[in-house]
Amino acid sequence: MAETQRQLETARFGTLTVTADEIVSVPDGIPGFPGFHRCVLVPVDQSMFWWLQSIDDPDLAFLSVVPWPFFPDYEPEVAATDQDILGLTDAADARVLCLVTVHRDPDRFTANLLAPVVVNQRDRRARQVVLDQDLPTQAELAPPD
Amino acid sequence: MATSIGAVLVLTRRVNQSIMIGQDITITVLELRGDQVRIGIAAPRSVSVHREEVFAEISRQNKMAAGVSTDDLARLARRRRPPS
């Protein structure tokens, strides 16, 4: 059976063709964006970065980064309740992405290590979890000159 | 659906006494120590519980993150991997 495809108009990427099995659900939204319930992951730069493009709002996309190339010591401990909510039973199923912010100095980029977006790759359910660890919400990605 | 914020309710509770919010959220005062209060929260897993200042900070970061453009990413990629 053919996958259901849809064309998604986006502000950043023009028209994306999305199949149903690429859609990631974010049941609880994320802080500040309670309506961010569905997105598609768009890989860039050899999958070191991923855009989380909203399905429902063409203008809304978050840039995220795979943390470990930048922060090799990063060891997020996802709380049991968050694992339950995500239905995560195996850490290997979890994709961890940290949202990237650009600052007033446009050459300053930071990643939010305290509240990564965790995706259960088995059923493509995602949640922005808040870690109970002493981690920054603004970890420098590219040190200023 | 009501969109207005309801009245603010002020209650006095002793240690080990609780407050019910709706049918399935219970908030219990566990311990008092100086100006700190330890609070236990029992809520369904569909309810997100956050420290207010942490929620506000993450919300603020997310709003900043929503402003990142593809040009920004191109600049970040260049900075991260300067041409050799």
Side-chain angles (χ1 to χ4, degrees), chain A residues 10-13 27-34 36 42 44-46 48-49 51-52 54 57 59-65 69-70 80-86 98-104 106-112 114-115 117 127-132 136-138 141-145, chain B residues 1-6 18-31 33 36-84:
Chain A
T10 69
R12 290 173 181 75
F13 318 111
D28 296 324
I30 66 173
F33 297 88
F36 182 69
V42 183
V44 274
D45 204 9
Q46 293 156 9
M48 191 174 294
F49 296 95
W51 288 100
L52 281 62
S54 166
D57 179 350
D59 291 329
L60 185 59
F62 298 95
L63 179 64
S64 69
V65 63
F70 294 90
T81 48
D82 288 316
Q83 291 182 36
D84 282 356
I85 291 167
L86 283 165
C98 295
L99 299 189
V100 174
T101 295
V102 64
H103 292 260
R104 191 165 303 172
D107 283 334
R108 182 173 176 230
F109 295 88
T110 58
N112 185 345
L114 180 66
V117 172
R127 177 175 173 80
Q128 187 173 26
V129 306
V130 181
L131 303 175
D132 191 17
T137 56
Q138 294 186 350
L141 268 180
D145 292 326
Chain B
M1 196 176 84
T3 52
S4 64
I5 295 176
S18 299
I19 295 167
M20 297 282 304
I21 298 178
Q23 300 261 0
D24 46 17
I25 299 175
T26 308
I27 297 176
T28 307
V29 178
L30 298 175
E31 186 185 353
R33 199 188 304 158
Q36 291 196 320
V37 183
R38 275 166 53 82
I39 291 171
I41 300 159
R45 49 169 73 164
S46 59
V47 176
S48 298
V49 178
H50 298 283
R51 291 175 176 87
E52 189 272 342
E53 69 277 13
V54 174
F55 183 89
E57 166 64 8
I58 290 165
S59 183
R60 192 176 74 87
Q61 290 301 323
N62 286 347
K63 284 175 181 165
M64 287 169 70
V68 176
S69 68
T70 51
D71 287 348
D72 291 327
L73 173 58
R75 210 167 49 251
L76 172 58
R78 271 202 310 277
R79 289 182 58 77
R80 188 178 50 77
R81 210 171 30 215
S84 48

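Sequence lines set the chain letters: A, B, ... in the order given, protein chains first and strands last, and positions in each chain run from 1.
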With rounding to the nearest 0.5 Å, note down the distance linking [atom1] in [X] to [atom2] in [Y].
{"X": "B:Glu57", "Y": "A:Thr137", "atom1": "CD", "atom2": "OG1", "result": "3.5 Å"}
{"X": "A:Arg104", "Y": "B:Met64", "atom1": "CZ", "atom2": "CE", "result": "8.5 Å"}
{"X": "B:Arg51", "Y": "A:Asp132", "atom1": "CZ", "atom2": "CG", "result": "6.0 Å"}
{"X": "A:Thr101", "Y": "B:Asn62", "atom1": "OG1", "atom2": "CG", "result": "7.5 Å"}

What option among A:Leu60, A:Thr110, A:Ile30 has the most heavy-atom pairs under 4.5 Å with chain B? A:Ile30
Under 4.5 Å from a heavy atom of chain A, the part of B:Val54 involved: side chain
Exceeds 12 heavy-atom contacts within 6.0 angstrom, atom CD of B:Glu53: yes
Which pair of non-hydrogen atoms, one from [X] and one from [Y], has the smallest distance, and what is that distance?
{"X": "A:Arg12", "Y": "B:Ser69", "result": "NE-CA, 4.2 Å"}
{"X": "A:Phe33", "Y": "B:Ala66", "result": "CZ-CB, 3.6 Å"}
{"X": "B:Ser48", "Y": "A:Arg127", "result": "OG-NH2, 3.8 Å"}
{"X": "A:Gly32", "Y": "B:Ser59", "result": "CA-OG, 3.2 Å"}

Results of side chain to side chain contact (heavy atoms under 4.5 Å, CB included) for B:Arg33 - residues two or more places apart only: B:Glu31, B:Arg38
Would you mind reporting whether A:Leu63 and B:Asp72 have side-chain heavy atoms less than 4.5 Å apart? no
Side-chain heavy-atom pair A:Leu114, B:Gln61 within 4.5 angstrom cut-off: no
Engaged part of A:Phe36 at the chain B interface, taking heavy atoms whose separation is under 4.5 Å: neither
Measure A:Asn112 against the heavy atoms of chain B and call it side chain, backbone, both or neither at under 4.5 Å. side chain
Residue list, side chain to side chain donor-acceptor pair (under 3.5 Å) with A:Gln83, at least two apart or on another chain: none
Could you give me the CA-CA distance, side-chain angles and deciding distance for B:Thr70 and A:Trp51, then say whether side-chain contact (heavy atoms from CB on, under 4.5 Å) is met? CA-CA 10 Å; B:Thr70 51; A:Trp51 288 100; 4.0 Å; yes
